[in-house]
Amino acid sequence: MDIKSQHDYQVLVTPFLQLKNSECRRRALNGLVDNLTHDQIRELRNAIGGVDLCYDIVAYLPLELSQMILQHLPLYQCFQARRVSRKWKDIISSPHTIDSILHDWYPTTDTRLCIPDGLSAESAAFLKAEHVDAFQTGRPFSMMTHYLHGFNDGLDAKKFAYADGMLAWVDLDYNYAIKALDLRTDIEGDFMTDNRCTVMHVAMSSSILAGLSSSARCYIWDLSTLDQISLQLPSANFEDLTVSGTTLALASLKARNAPRLEVVTWDLRNRTAQSFFFSLSSKYPENFCLWRMTIDPQGESVIFFETTYHDNNSNLPDNLYFTRTDLKGSVLVRGSLGLGCVADAISHNVASFFDIDGSGTPWVYSGFLQAPLHTREAQGVLHISFNFEKNRFETGKYKLNESPERIDWTRFLFWKNVAYSFTIPYDFRYGVFDLRGSRLRGIAMAPRVVLPGPWKVAESNWGLISGGLLLGDEIFLVHVLPSGFYAWCFDKNVRMANENFNFKLVREAGLLRESNH
């Protein structure tokens, strides 16, 4: 720039920069434009066109603030945002950012995901993000169907069990046999009881499969060796069976006027059984008392849940109790939760209490909250869970968006803050609840799937009336119907045997979307 040009620049720019505020500068610029010729305006436009007006505020913020902002993005989009710029990639790929983003979903390094050997930490984190996105949005990576013979008269939830990609059920043709299917390999096995004893209840973990028979015996199979153990029970009145890890517990209600349970526990590690009596918290014979039990993930204690219901004329609140004992029956801790404050807002089915899902997740109840008719509040879900580590009930009340879907509120499958249920009437659509995002979606998860011939009649007569059973965990979702079951996989690296090819094409084409009604 020569001396004359520099002088002209100073004459024009210096007074402009000395203007007091942006409003004065705006008026000065408008006045300048009004006095320019068309050629001068064209030159000005060309000059402005070469200026980069983009400003990346995230790149210039402190790292902690950038991480807080990025956490508000959907998880999968957050990882996609690495493509925005090199600075964004550095921020999102830092171990601290990845840990903070994934912590709610993967608080520990343990995961059921199939992560290939040698995969970098960054790629593994991206794989986890894809998994969470698929589960949150109802877009599993693969699907299979399996025909079941003999369940056309209905389903008994006690005769089905799921654990770690394995589904087990009592064979109705031969009710002394339990069938088990590996969803990954489609390998099916038969487990027979001695003397053809009828199996009334089945439960399983990744270590053991157990069947409670009508002959005062519980049959247990070590899944690592396939050895069978026959456990003799004090009586044939045992009605509940639960399994966690290598431990199982059985219980029988002994007296209804003064309710107490007879409990038997057994551990594969030492193959010893212990029995004890346990008194329920309910002391009122006129109350209807419902109880369930589960075992903690370490297999070291039994947690008993129970609830009481009073008639409509009673002023006493409904209550939810828990008692935790060791495997010998010594009480470790007790607690309760009063439900009177929300009971009038819950339209629930009593049978939905204490429905522990197939993955062993300690959720207790999820009930539908319907806003009073005279208000404009949104519908919602009351979620009550049990925290094993802190020995307490935890509640969450979530409002949901307006949705035309009618959902079966008596059966859910939860993982973290996402839940699956099925629509009523069931027509191959599912409700996917993102509680954190307060959103309910209706997803058609079986598009273009051709049913086997025997299914069609059964589904037309039964399947559209009732939703069946939901089992699974964060990797597999299994929907059992009288004629068979669907299984979806949310792990990108698991290839289910006999997976549905049409579903795979639909998924890859991005056509798994919300259904419109």
Side-chain angles (χ1 to χ4, degrees), residues 143-184 186-193 197-214 218-221 223 238-244 248-250 292-295 349 351-361 363 408 410-414 420-422 426 430 455 458-459 462-463 466-473 475-489 496:
M143 172 190 179
M144 67 171 289
T145 57
H146 190 91
Y147 178 65
L148 295 175
H149 175 65
F151 286 93
N152 291 333
D153 293 332
L155 298 171
D156 183 352
K158 288 188 174 183
K159 294 185 177 180
F160 289 85
Y162 171 89
D164 197 21
M166 294 281 292
L167 182 68
W169 66 93
V170 178
D171 189 335
L172 280 192
D173 287 335
Y174 307 97
N175 54 19
Y176 53 84
I178 300 174
K179 289 186 174 293
L181 177 71
D182 189 328
L183 299 177
R184 295 178 176 87
D186 203 37
I187 296 176
E188 187 173 309
D190 293 320
F191 298 83
M192 304 288 184
T193 61
C197 297
T198 300
V199 178
M200 303 182 300
H201 194 170
V202 61
M204 73 182 306
S205 68
S206 58
S207 301
I208 59 176
L209 171 66
L212 174 61
S213 76
S214 58
C218 182
Y219 293 91
I220 308 159
W221 290 270
L223 295 180
F238 282 78
E239 56 190 282
D240 200 23
L241 166 67
T242 186
V243 169
S244 177
L248 66 82
L250 305 105
R292 285 289 301 273
M293 66 177 179
T294 190
I295 301 171
N349 184 328
S352 63
F353 271 89
F354 321 123
D355 191 4
I356 309 299
D357 69 44
S359 64
T361 303
W363 71 277
D408 185 341
T410 65
R411 190 160 295 277
F412 294 84
L413 177 77
F414 266 89
Y420 280 75
S421 187
F422 26 71
Y426 169 67
Y430 297 80
W455 285 43
E459 296 308 320
W462 191 93
S466 179
L469 307 174
L470 278 184
L471 302 170
D473 50 26
I475 302 299
F476 290 99
L477 171 66
V478 182
H479 187 182
V480 183
L481 294 163
S483 49
F485 66 82
Y486 302 101
W488 291 271
C489 182
M496 291 193 296

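Computed from a prediction, not measured in an experiment: that's the story for all the values here. Sequential numbering from 1 along the given sequence is applied to the chain's residues.
- Note that CG of L481 is 11.5 Å distant from OG1 of T145, once rounded to the nearest 0.5 Å.
- For M200, the side-chain contact (heavy atoms from CB on, under 4.5 Å) criterion is met by L212, S214, not counting sequence neighbours.
- Taken to the nearest 0.5 Å, the CD1 atom of I475 stands 16.0 Å off from the CH2 atom of W488.
- Of the inter-residue distances, the one linking F238 atom CZ with C218 atom SG reads 10.0 Å to the nearest 0.5 angstrom.
- Screening L413, L183, L471 against F476 for a side chain to side chain contact (heavy atoms under 4.5 Å, CB included) leaves a single residue, L183.
- The closest side-chain heavy-atom distance from V199 to Y219 is not below 4.5 Å.
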With side-chain contact (heavy atoms from CB on, under 4.5 Å) as the test, would you mind laying out the steps for W169 and K159 before giving the verdict? CA-CA 5 Å; W169 66 93; K159 294 185 177 180; 5.9 Å; no
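- With rounding to the nearest 0.5 angstrom, the CZ atom of F485 is 13.5 Å from the CG atom of L470.
- Nearest heavy-atom pair across A210 and L241 is O-CD2, 3.8 Å.
- Here the closest heavy-atom approach between residue M204 and residue L209 is recorded as CB-CD1, 3.7 Å.
- Note that the OH atom of Y174 and the CG atom of D190 stand 10.0 Å from one another [nearest 0.5 Å].
- When every heavy atom of G165 is checked against every heavy atom of D473, the shortest pair comes out as N-OD2, 4.4 Å.
- Interatomic distance, M166 CE to I187 CD1, rounded to the nearest 0.5 Å: 9.0 Å.
- Judged by distance alone, with hydrogens and angles left aside, the side-chain atoms of T242 form no donor-acceptor pair with the main-chain N or O of A249 at under 3.5 Å.
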Give the C-alpha distance, both sets of side-chain angles, the deciding distance and a yes or no for side-chain contact (heavy atoms from CB on, under 4.5 Å) between L223 and S207. CA-CA 5 Å; L223 295 180; S207 301; over 6 Å; no
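- A search for side-chain contact (heavy atoms from CB on, under 4.5 Å) contacts involving K158 returns D156, H201, E239, not counting sequence neighbours.
- Closest of all the heavy-atom pairs between G211 and W221 is N-CZ3, 4.2 Å.
- Of the candidates L167, D182, L181, E188 forms a side chain to side chain contact (heavy atoms under 4.5 Å, CB included) with just one, namely L181.
- For the pair C197 and S213, the tightest heavy-atom approach, listed with the atom from each and the gap, is CB-CB, 3.9 Å.
- By the 30° and 60° cut-offs, the orientation of the rings of Y486 relative to H479 is tilted.
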